[in-house]
2 protein chains.
Amino acid sequence: MRATVTTASSAPSSRALPHPVCEEIRLEGVLHALSDPVRLRIVRRLAAEGVELSCSHFDLPVTKSTTTHHFRVLRESGVIRQTYEGTAKMNGLRRTDLDGLFPGLLDALLAAAARQEARHGVR
Amino acid sequence: MRATVTTASSAPSSRALPHPVCEEIRLEGVLHALSDPVRLRIVRRLAAEGVELSCSHFDLPVTKSTTTHHFRVLRESGVIRQTYEGTAKMNGLRRTDLDGLFPGLLDALLAAAARQEARHGVR
DNA sequence: AGGCTCGTACGATAAGCATCGTAATACGGG
DNA sequence: CCCGTATTACGATGCTTATCGTACGAGCCT
C-alpha cells in the first residue's frame, strides 16, 4: 500500500529535500563544501549561468552516484537549493541567502577561483 | 633585545620548514585549511593581533600534538608562515601573499567569521 | 502499458584526517 | 654540562569522506 500523498498542491512532488535555514548555515560547512574541486566547479558553473540547472547538465569527471553525493553536500551545507521538476532536479545557488549571511564572501570566492584558473589555465 | 643572533643570512638551525611559494598555493587547499574550526580560530587570532605569535600563545581545546598538526596544515596550505626563533616557533599570516593571489578573499573570510560569531555569540 | 531517462539508495572500499599519548629533539640559561 | 621549556615525530585509533557499482523509484513519451 502506498502512502496516499495528500493533495499536495503546493509541492509538485512528494520527494522532500531538506535544506538548512539561513541560521543553520555554518561558515565552516560552506568552506568545506567548496574545498572540493568538483563541488567548486559546480558552484562556479551555477554562478556563471545564473539560472537553475539540472544535475545532468554538468559534465563532471565522476559517476552519477558521486555526482549525487556532491550535490547533496552542497545542499546540506546551504550553498545550493535543489528542487524537483519532473524527473530533473534543478540546482540553484542560494546567492541571496549567502550574501545576507556573509556579505561579499561568495563574490570573493568566485573571483579567487576565476583568478586561479586564469593563472594555471584549464587543465 | 636580540641576544646572540645566529649567522644572519642562512637558516638559524637545521630545522627546515617547507612553505609553498605563491604559485603553489591552491584555493581548494586554503578553503580546506579554513574549514576546520580550530584552524579558523587560529587564523582569526593571527589576523586580529597582526603580529607573529608563538604556538604556545594560543589557548586551543586540543592537545599540543594536535596543535602542531593544525599549524602544519595551515603552513602547507600557504595560509601562514612559520619561523623558528630560539625554542619558540613564530606564526604569521601570509596576508600579502594571499591578498596578491586572491584579492579580497581573506578579508571576506575574516568578516564572515566575525559575523557568524556575532550571530551565535552575543545575543 | 511499456519503455526510457534521470536521479536515489545502499553497500562496499579505500583513503584521508582529527585526535591523542609518549618518546625524542632543539635551544637557552644556570 | 645538565635542566627546563618549546615543539616535533611516531604510532595508533576511530571517524569522515570520495569514489564506485548495482539495483531501484519517479516521472515523461510513444
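All chains are named by letter (A, B, ...) in the order of the sequence lines, taking the proteins before the strands, and each is independently numbered beginning at 1.
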Quick one: is A:Arg39 getting a side-chain N or O under 4.0 Å of the D:dA18 phosphate, OP1 or OP2? yes

Whole-Å distance, A:His70 NE2 to C:dG7 C1', equals 16 Å

Here the distance between atom C1' of D:dT13 and atom NE2 of B:His69, to the nearest Å, is 14 Å

Discussion item. If you count every heavy atom of other residues, nucleotides or ligands that lies below 6.0 Å from B:Glu85 atom CD, does the total exceed 12?
Written reply: no

Would you state whether a donor and an acceptor, one from the side chain of A:Ser65 and one from the base of D:dG21, lie under 3.5 Å apart?
-> yes

The nucleotide from C:dG7, D:dT19, D:dT7 with an atom nearest the side chain of A:Thr68 is C:dG7

Whole-Å distance, B:Tyr84 OH to C:dG28 C1', equals 16 Å

From CG of A:Leu40 across to P of D:dA18 the rounded distance in Å is 13 Å

Closest of C:dT8, D:dT19, D:dT7 to the B:Cys55 side chain is D:dT7

Return yes if some donor-acceptor pair links the side-chain N/O of A:Asn91 with the main-chain N/O of A:Lys89 below 3.5 Å, else return no. yes

Which of D:dA6, C:dG7, C:dC20 is nearest the side chain of B:Ala88? It is D:dA6

Taken to the nearest 0.5 Å, the spacing of A:Asp107 CG from A:Phe102 CZ works out to 14.5 Å

Could you tell me whether the side chain of B:Thr67 has a donor or acceptor atom within less than 3.5 Å of a complementary atom in the base of D:dT7?
-> no

Here the distance between atom P of D:dA6 and atom CD of B:Gln82, to the nearest Å, is 17 Å

### Message
Does a side-chain N or O of A:Thr66 approach OP1 or OP2 of D:dC20 to a distance below 4.0 Å, or not?
### Response
yes

Q.
For A:Arg41, is there an ion pair with A:Asp36 - N to carboxylate O distance below 4.0 angstrom?
A. no

Per atom distances to the B:Val62 side chain, the nearest of C:dC20, D:dA26, D:dA6 is C:dC20

Of the candidates C:dT19, D:dA18, C:dG21, the side chain of B:Thr63 sits closest to C:dG21

**OP:** Spell out yes or no: do the side chain of A:Lys64 and the base of C:dG7 have one donor N/O and one acceptor N/O closer than 3.5 Å?
**Re:** yes

Taken to the nearest 0.5 Å, the spacing of B:Ile25 CD1 from A:Arg119 CZ works out to 9.0 Å

Checking C:dG7, D:dT7, D:dA9 against the side chain of B:Arg72 (C-beta onward), the nearest is D:dA9

Q: Give one of base, sugar-phosphate or nothing for A:Ser56, where a contact means two heavy atoms less than 4.0 Å apart.
A: sugar-phosphate

Closer than 4.0 angstrom, basic N to acidic O: yes or no for B:Arg81 and B:Glu52?
no

A:Leu34 atom CG is separated from D:dA18 atom P, nearest whole Å, by 12 Å

Rounded to whole Å, the CD-P distance (B:Glu76 to C:dA18) equals 12 Å

With five pairs defining each end axis, the helix from C:dA1-D:dT30 to C:dG30-D:dC1 comes out bent, to 10°, by 20°

Cation over ring face, A:Arg45 and A:Phe58, 6.0 Å, 45°: yes

Here the distance between atom C1' of D:dA6 and atom CD of B:Glu85, to the nearest Å, is 13 Å

query: So, does A:Arg94 use its side chain to make a donor-acceptor pair with the main chain of A:Asp99 at under 3.5 Å?
result: no

Worksheet item: What is the nucleic acid contact for B:His57, judged by heavy atoms within less than 4.0 Å: base, sugar-phosphate only, or nothing?
Response: nothing

